[in-house]
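Below: the structure, in structure tokens.
It should be emphasised that the depicted structure is a prediction, and the values quoted were computed from it without experimental measurement. Residue numbers start from 1 in every chain, and the chains themselves are labelled A, B, ... in the order their sequence lines are given, proteins ahead of strands.
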Protein chains: 2
Amino acid sequence: MNLADQGLLLELQLCFDVYAASRAINKAYRPLLEALGLTYPQYLVMLVLWQHEAQTVKQLGEQLQLDSGTLSPLLKRLESAGFLQRQRRASDEREVEIQLTDAGRALRQQASNVPASIFKALGLTASDYFELKRLLHQVMASVEANNPD
Amino acid sequence: MNLADQGLLLELQLCFDVYAASRAINKAYRPLLEALGLTYPQYLVMLVLWQHEAQTVKQLGEQLQLDSGTLSPLLKRLESAGFLQRQRRASDEREVEIQLTDAGRALRQQASNVPASIFKALGLTASDYFELKRLLHQVMASVEANNPD
DNA sequence: AGCAATTATATTGTGCGCAATTCAATTTGT
DNA sequence: ACAAATTGAATTGCGCACAATATAATTGCT
């Protein structure tokens, strides 16, 4: 097998591992989040809102690297589930401010055991944890430099 | 901020990084694969078929960790794009064997530069590349042990 | 042989992700 | 002041992922 062909081997490809790991992690979250009535992306939105309650769609999108095409329908679902409310800002009618409801805030307590469960499931030592984080950040920085938004 | 919240942030970041990195990598593939008329998951299927031409849906699914709910429509699209054919096996009519067409085989040459382009875009040294691969495999093994298919 | 599991694939329904487009509100340039 | 450009969000369309279900073929059990 020549060099060009080696690059085309699935088992040698790091990118497939990232893709597969992302799906495997999502699967680990699923049963935990199902109990809260959330999907993983919805959980991420709630995490951001638990940190800072009032945010616009744009601000959420910047932190999660998601655009309005993804966020708008997701936020609608979270609204109809009763976890948040959306309203146009008076100061700038283009912006939509997302506010947690009491139910949305209450969900935080129910979610408090999720991180520890997941961390345990990852099976990483502390040093491997930070090493993995460092490498992923490096990949993202490099990829985004080559392929700017 | 209390302890539960801290652990929460820690876990969040790594899982989010894997999720974000997966999407960033997909974005890097997109323009390269668009030229071939493939999506990233379709490219993965083609990689497997380039290595071993005749495979059943089940065999593809095992290597890519995808089920028929994902693969069946994807393979239909690859068939209608002219890259492969699907036919029930005579020896076992439950199985569907996937065969590359000439066009599907020809695509391999056009894709031969993709792995090198992506590797360059990842911006990793060889040792970081393998270290990241090792850590992702460890995460997947651990997560799947806790959460068997 | 005959019926109950099991197996392989397909289908249905839901929720992302993301490119492209649309629309209204605001900002910029002159 | 006002037309042009920009911005923020929503919508549309497509292709995954994946749970749940359906269907048909094969295998196992007795």
Applying the side chain to side chain donor-acceptor pair (under 3.5 Å) criterion to E95(A), which one of R89(A), Q87(A), R88(A) satisfies it? R89(A)

Is there a residue in residues 24-41 of chain B whose heavy atoms reach under 4.0 Å of DNA chain D, and which residues are they? T39(B), P41(B)

Within residues 68-78 of chain A, those residues having any heavy atom closer than 4.0 Å to DNA chain C are G69(A), T70(A), L74(A), R77(A)

Under 3.5 Å side-chain donor-acceptor pair for Q99(A) and Q55(A): no

Provide the start and end nucleotides, 5' to 3', of the part of DNA chain D that has atoms under 4.0 Å from heavy atoms of chain B. dG15(D) to dT26(D)

Ignoring hydrogens and geometry, is there a side-chain-to-backbone donor-acceptor pair from T125(B) to D128(B) under 3.5 Å? yes

Does any N or O in the side chain of S80(A) come within less than 3.5 Å of the main-chain N or O of R77(A), such that one atom is a donor and the other an acceptor? yes

Backbone N/O of E97(B) and side chain of T56(B): donor-acceptor pair under 3.5 Å: no

Using a 4.5 Å cut-off on heavy atoms from C-beta on, say whether the side chain of R30(B) contacts that of Y40(B). no

For A90(B) and for D92(A), locate the closest nucleotide of DNA chain D by heavy-atom distance; then report the residue assigned to the nucleotide nearer the 5' terminus. D92(A)

Test your reading of the model: is there a side-chain donor-acceptor pair from S22(A) to the backbone of V18(A), 3.5 Å cut-off? no

Which residues pass the side-chain contact (heavy atoms from CB on, under 4.5 Å) test with A20(A), not counting sequence neighbours? F16(A), R23(A), M140(B)

Minimum heavy-atom distance P115(A)-A111(A), with the two atoms named: CD-O, 3.4 Å

Any base atoms under 4.0 Å from R89(A), or only sugar-phosphate, or nothing? Heavy atoms, all strands. nothing

Say whether, by atom type as modelled, one donor and one acceptor occur between the side chain of D102(A) and the main chain of R105(A) under 3.5 angstrom. no

Closer than 3.5 angstrom, by distance alone: can the side chain of R86(B) be matched with the main-chain N or O of E79(B) as a donor-acceptor pair? no

Nt span of DNA chain C in reach of chain A heavy atoms at under 4.0 Å, 5' end first, is dG15(C) to dT26(C)

Please verify the inter-ring angle class for Y43(B) with W50(B); under 30° counts as parallel, over 60° as perpendicular, anything in between as tilted. perpendicular

Within residues 54-67 of chain A, find the residues that approach DNA chain D with a heavy atom at under 4.0 Å, and present them sorted by residue number. T56(A), V57(A), K58(A)

Check: L78(B) and L74(B) side chains under 4.5 Å, non-hydrogen atoms: yes

Should the heavy atoms of other residues, nucleotides or ligands under 6.0 Å from CD of E62(B) be counted, would the total exceed 12? yes

Step through the shown structure and confirm whether more than 12 heavy atoms of other residues, nucleotides or ligands are within 6.0 Å of CD on Q110(B). yes

